Amino acid sequence: MSPHRRCSDRHVYIPNSQFPPLLQVCNTQQSLSSSPSFSTSLYTQRNKPSASTLGKGSKPSFLSNSLLVLSYFDMSRDDCFTTQLIDANGKFNAAGLESFVRKIKLAECGLSYAVVSIMGPQSSGKSTLLNHLFHTNFREMDAYKGRVQTTKGIWVAKCVGIEPCTIAMDLEGTDGRERGEDDTTFEKQSALFALAVSDIVLINIWCHDIGREHAANRPLLKTVFEVMMRLFSPRKTTLLFVIRDKTKTPFQHLESILREDIQKIWKAVHKPDSLKDTPLSEFFNVEIFALSSYEEKERKFKEEVAQLRQRFFRSISPGGIAGDRRGVIPASGFSFSAQQIWKVIKENKDLNLPAHKVMVASVRCEEIANEKFSHLTTDERWLTLEAAVKKGPVWGFGKKLSSILEFYFNEYDTEAAFFDEEVTKAKRNQLVSRVLEFVYPSYVAMLGHLRFKTFEDFKKRLEQSMNDGEGFASTVRKCTKICMLEFDQGSADAAVQQADWNPSKFREKLCQDIDRHALSIQNEKLSGMIASYEKRLTEALSQPVRSLLEASGKDAWASIRKILQQETEITISKFSADIAGFELDKEKVDNMVQNLRNHGRNVVENRAREEANKVLMHMKDRFSTVFNHDNNSLPRTWTGEEDIKTITKDARAASLKILSVLVAIRLDEKPDTIENILTSSLMNEGVASSGSSFDLLASSTWEKVSENDTLITPVQCKSLWRQFKAETEYMVTQAITAQEAYKRRNNWLPPPWAILAMFILGFNEIMLLLRNPLYFVIIFVVYLLSKALWIQMDIGRAFQSGPFVGLLSISSQLLPSIMNLLKRLTEEAHVYTNPQPTIPASSHSFRSQTLQSNPDTNTILDPSAATIVESAESSNVHSCSDDEIEYSSPNVAHQKPPKI
């Protein structure tokens, strides 16, 4: 029997006269109308005869009032959670009780809960009464199948719509023919258990059984009272006697008879000395309630049950039906308490002896079952089938194995046919379980082979379809459908007739293997595709971003953002088209696209960080470019007209622009004041220091720039700028030195004031020269000699390195230069006084070739070079004629000007 049952549809008919108070109670207690599976429909039934009021030969009566039909269709087990607590063999369902307590959240109730049980003769309508009274779903007897045992063991369920939380307990009926007249142990045990754990015990008795000995459960009550006094501590329990199918006998007479019988039973019970004079009211509250016949007066029966139901609302409150109960166990300990109580009850061995015939049947059927199992294990057909299935799949496995098992089960049925039916059936079930457990590994092996073969077929089909260029997702679906159909056919062929084995686990495992393999292939392809597109995006971004950062123009980051967006969108568009065949969910596709976007952003950020690490080099390169080249990008010549201060400022501003571009990553298009801060703090250092005492660069963060986007902090900028200025200072100094040298070289005249002073102070000397012209000739000769020495010794270049160095150079070259000059003059005079014959044409030709081969020697670019040439000419010249000079060195050719 299943530990859970489903409710069937029921209709509760309540007259309008009783509906308002009941509806008020239901609304107050949040009863059936608050359940989602509950529906109410109010309809007016007029001119319709009542089935319970029609009798033979009587006229139909009509109802003038409306009827409320409370219908709850297919009430789910979640409402009452019916569970078998103790089975017919007395086995306590501890796991089921724990699950039941957890589902109804009993542990949260504390002491605010109640337990109601019912006991009485078999087929007396106990389950029917509980279902109508508490809207539970205990199994009811089917009258059309005869009066047989319906409830076996003890069942529990939650009362629907009753506050506080109330648990209903349905006991197996007493005096049943199924257990026999000799087996009353379970009846006594279950009754004792009900009295021990229940706050309210309903005793269901027939009206016509009142006054009888056994039908009224008098011996059972007497035994229960005695054992309860001996085993358990006293507690207060309400005994509610429900008289079924009441007759014309007045209720007062029935009540008095019942109370008198209960008092007699109580007095006859053997009590301990401490409880000998204790009245019944100390342990029990006795209540009596009568109900009409359910079959003959169904409507009236339901009306009376509805009245009785109202007594169970607030049953444990003061004044309630169980308001004076004692010794209540907290709800969290109910499960453990019930287990311990049943354990104490089961330890009374004298109440639980099996019948002799049952014992014989148990032993003999066990022997037959063992014999058949032994024969099966040595059967040739089975051994052959087992060996074959270990090697590989066996087609027709299910039919072959079912035939073998059916043969041995039929033999058992034949040999055990004359033993007790229940024992025979129980032992047969044990044999079936044992046999199926024995052959189950072969069944598992068969399905394992089938699963492996199907999985290999799937991999081959998938690979072939992918090579054909089909979409990945559609290919997986098609191959999966084909392979699962093959597996289903194979598992159906392997099914064993005697077993209800479900191949769903193997099917699920196959599905998992297929999904795992498809997912691995998909991830592999997606990984390769993503890596390819990331590489493409990296190549598309790296060089342009590096070029823009090196140039560091005004709109460098705007251009970088544009390139990043453009290349990212192109890549994403192609990537989305390529992965469309995978049919991925939108969230996963969005994640991949976002990863590509993040990759592109990371490429830009990494390039920016690389260039930021080389910012000082870029700044010096920019400074050198701007400082040494004019606006036309031509090399700058320092002639003395350039404004070096302005040029230096412009070059530093251009270098500062690079620094402002590389200090932070600006991919979010947020405005910042970095360039203004750097310009005001570094370019206008003097103004900033005199105007304000606050240093804008004395910080480790930039305003409106996150820490992750910061490449160079303000403090680092300040340090870099100092280092930059120190390393470019030499270039500025060289330019200033070159400019001053140029000015000195091209401006030999003294200042006007010096000329005027010389004229005034040297007036007498001037007049002397004017009176004696010979002095002019002497002065002119001295000038020529001085000029020759000046050019010969390159005095201007000597003094460029400093006056001291110049004096040393002149002193060391003065005497050799004078001697060389005098020698040349002597040679010129000798050539003039002794003219030579004309040089042959070959000599002219040689000289012409010499001049053509060295055209650059006719131009002297440097005074020092001129000195070297002149010295070489003086040392290598030979007299040839009046018009030509021949040189002994083939690398130097110089034609002297005509003689004056």
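Being a predicted model, the structure only gives us computed values, none of them experimental.
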Taking the inter-plane angle between the rings of Y533 and F575 on a 0 to 90° scale, is it parallel (under 30°), tilted (30 to 60°) or perpendicular (over 60°)?
perpendicular

Identify, with sequence neighbours excluded, every residue that meets side-chain contact (heavy atoms from CB on, under 4.5 Å) alongside Q739.
W638, E642, I644, K743

Any heavy-atom pair between the side chains of I560 and R607 that's under 4.5 Å?
no

Side chain to side chain, W702 and I677, heavy atoms closer than 4.5 Å
yes

With the threshold set at 4.0 Å, does a side-chain nitrogen-carboxylate oxygen contact exist between R601 and D668?
yes

Heavy atoms of E611 and L662 approach each other most closely as O-CD1, 3.7 Å

Salt bridge or not for R622 and E550, using N-O below 4.0 Å?
no

With salt bridge (charged side-chain N to carboxylate O under 4.0 Å, His left out) as the test, pick out the partner of E729 among K620, R652, R722.
R652

Is V589 close to K586 at the side-chain level, that is, under 4.5 Å between some pair of heavy atoms?
no

Atom CG of L526 and atom CG of L584: how far apart are they, to the nearest 0.5 Å?
6.0 Å

How about R561 and L667: do any of their side-chain heavy atoms sit closer than 4.5 Å?
yes

For residues L720 and L659, report the shortest heavy-atom separation together with the two atoms involved.
CD1-CD1, 4.3 Å

Answer yes or no: is there a side-chain heavy-atom contact under 4.5 Å between I530 and N595?
no

Do the rings of F623 and F627 sit parallel, tilted or perpendicular, given the 30° and 60° boundaries?
parallel

Residues that E463 engages under side-chain contact (heavy atoms from CB on, under 4.5 Å), provided they are two or more places apart
N467

Apply side-chain hydrogen bond (donor to acceptor under 3.5 Å, both in side chains) to E610 and N606, showing your working.
CA-CA 6 Å; E610 292 177 4; N606 292 335; over 6 Å; no

Is there a side-chain contact (heavy atoms from CB on, under 4.5 Å) between T701 and T710? Walk through the geometry before answering.
CA-CA 8 Å; T701 58; T710 301; 5.8 Å; no

Of all heavy-atom pairs linking A664 and W557, the shortest is O-CZ2, 3.3 Å

Quick check: are there more than 12 heavy atoms from other residues, nucleotides or ligands sitting under 6.0 Å from CD of Q565?
no

Could you check if a side-chain atom of N708 sits within less than 4.5 angstrom of a side-chain atom of E605, using non-hydrogen atoms only?
no

From OH (Y783) to CZ (F780), nearest 0.5 Å
8.0 Å

For the atom pair NZ (K588) and CD (Q522), what is the distance rounded to the nearest 0.5 Å?
4.5 Å

Step-by-step side-chain contact (heavy atoms from CB on, under 4.5 Å) determination, T538 to H599
CA-CA 8 Å; T538 301; H599 177 76; 2.8 Å; yes

If we only count heavy atoms from C-beta on, is the I521 to V476 side-chain gap below 4.5 Å?
no

So OG1 of T568 and CG of L537: to nearest 0.5 Å the spacing works out to 5.0 Å

Find out whether M731 and N628 are in side-chain contact, i.e. whether some heavy atom of one side chain is under 4.5 Å from a heavy atom of the other.
yes

